[in-house]
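This report concerns only the one structure given below.
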Amino acid sequence: MVHDPVPSLLARATEQLEAEFGALPAFEIGVDTGAIAKVLQATAHRLGDNYPYFHPLYAGQMLKPPHPVARAAYALAMTVNPNNHARDGGRASSEMEIEAVHEIAGMFGWTDYLGHLTSSGTLANLEALWVAGQLAPGRRIVGSEQAHYTHKRISAVLKLEYASIPADNRGRMSVEALETELRKSDVGMVVVTLGTTATGAIDPLDEVLALRERYGFRVHVDGAYGGYFRLIPEALEEPARRAYAAMGEADSIVIDPHKHGLQPYGCGCVLFRDPAVGRFYRHESPYTYFTSKQLHVHPSEHKSLAGDPVHLGEISLECSRAGAAAVALWATQRLLPLSPGGEFARGLARGRAAALELDRRLRQDRRFEPLAAGEPELDIVVWKLNAETKELASGLAQRAFVACAARDLHLALVELPVAWFQPVGGKAGEVEAGMVTCLRSVLMKPEHEAWLDRIWDRLSAACVDVLGE
Ligand SMILES: *Cc1c(COP(=O)(O)O)cnc(C)c1O
């Protein structure tokens, strides 16, 4: 592992934080540091039983290491352990959440909106689907068959009917199939995924919005994984660029700072274009809001953006939430503002460049078959192994996955329709049915670009082990 700058940065900031509370009488925390040190050694040993997610040779699942500033800020906040449910439990961190969410909303051109952090993308999506159900009870939710699996489950939890819309051979929602569902006039909300989890496909948001005019339904953008690519339209293909350009027209948006936003887990975000949906969250709480409603003590409360509630728990389905997640996000966005052309955006573009380069090499190597319809839309690459049958190709992918891991290159596996790998424009009826196991690589670390040669060499050598060529 490389030298970790976090402990020394954290030590200095911790002194500052202690000084902030320096006026209080000192007290001892009664702990046995020797015993703790021993337990921590055992803990570190246990943690060794992981894939090395932080390393550029980890190029498998959607796992991106948090930025050092996020790790340090999160750990610093642990001294206070704020709870962003209410100002009573997280005064400073509630302000920081409001500011950080304001910057995220700004990416989509929203200034007057309702939004907050959640503990995950799933919870954030749940809130968006819940609001849709409140606005149009009894109406269905629809999303593409490549939408995240939790939409169907969330709908079941909310007792909303859910229907899957077929996807095309790139994993994008079929607008024709969507319109067929819309003609039944009982669709309350369409979930549009900008960046599907399996392949990074971009649903045609602009076309779905055009249908909204005609059929009247809510449009929810699930950008849990892909939302931040809004910052680099110049690096995307035209259809994806049009979809991202339309994001501000959606009714609600979910984006996960803990996916592409360099945050530790526990950080999703939901945004609603119409702040009036806040009325659905209204509730009475006999205990949590008491103190700070009585005592508006802190001047920062008066700096609140217009229309914000005093307590984030008043606009959130969750009660306790990690204030530390907001602190880490706020600090990260201070260092790396969410601006097109900025360092954060350049980091996204480097992962995307790595994906395009890997895809280019795969296309030139007859051992591999990438998606027939074209190159990756974001930074996820999927490809099957070339073989006579899909069963053989699936077996080879599994063995290649293991052979790569033996060379410290960690990829992922994914089941995809075998038709996606067959030549486009083939005669109808010739398309093979069924699924095939493929290799999948999420190249979401900026370092993946510089490491691509080493990734390729390992992949290539591992495939020699498996294929004998
Ligand atoms: C990861 C993901 C989710 C779920 O988010 P969690 O933070 O894992 O709960 C939802 N939608 C998409 C498109 C995702 O990629």
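When reading the values below, keep in mind they use all heavy atoms of this one structure, side chains included, and skip hydrogens, waters and symmetry mates. Whatever order the structure lists them in is the order used to number ligands and atoms, beginning at 1. Note that the numbering runs from 1 along the sequence shown for the chain. Predicted, not measured: the structure shown is a model, and the values here were computed from it.
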Among Q146, H258, K259, which one has a heavy atom closest to atom 14 (C) of ligand 1? K259

Count the heavy atoms of every other residue, nucleotide or ligand shown that sit under 6.0 Å from CD of E238, and state whether that count exceeds 12. yes

Can you tell me if CZ on R46 sees more than 12 non-hydrogen neighbours from other groups inside 6.0 Å? no

Give the residue and atom name of whichever protein heavy atom lies nearest to atom 10 (C) of ligand 1, and the separation in Å to one decimal. H148 CG, 3.3 Å

Any non-hydrogen side-chain atom of D251 less than 4.5 Å from a side-chain atom of D274? no

Rounded to the nearest 0.5 Å, what separates atom SG in C267 from atom CD in E97? 8.0 Å

Should you measure from each heavy atom of S120, which atoms of ligand 1 turn up under 4.0 Å away? 7 (O), 9 (O)

Closest protein heavy atom (residue, atom, distance) for atom 11 (N) of ligand 1: D222 OD2, 2.7 Å

Nitrogen or oxygen of T196 less than 3.5 angstrom from that of ligand 1: no

Here the atoms of ligand 1 under 4.0 Å from any heavy atom belonging to A224 are 2 (C), 3 (C), 10 (C), 11 (N), 12 (C), 14 (C)

Output the list of atoms in ligand 1 that are nearer than 4.0 Å to some heavy atom of G195, sorted by atom number. 13 (C)

Parallel, tilted or perpendicular: which describes the rings of F229 and Y244, with under 30° parallel and over 60° perpendicular? tilted

For atom NZ of K390, is the number of surrounding heavy atoms from other residues, nucleotides or ligands below 6.0 Å larger than 12? yes

Mind checking whether D256 contacts ligand 1 via backbone (N, CA, C, O), side chain (CB onward), both or neither, at a 4.0 Å heavy-atom cut-off? side chain

List every atom of ligand 1 that sits less than 4.0 Å from any heavy atom of T197, numbering the atoms from 1 in the order shown and giving each element. 12 (C), 13 (C), 14 (C), 15 (O)

Looking only at distances, can you tell me whether any N or O atom of T122, backbone or side chain, sits closer than 3.5 Å to an N or O atom of ligand 1? yes

Distance under 4.0 Å to a non-hydrogen atom of G121: what atoms of ligand 1 satisfy this? 5 (O), 6 (P), 7 (O), 9 (O)

Quick one: are V254 and V221 in side-chain contact, heavy atoms under 4.5 Å? no

Run the ring-centre check on Y113 versus F108 and record whether the distance is less than 6.0 Å. no

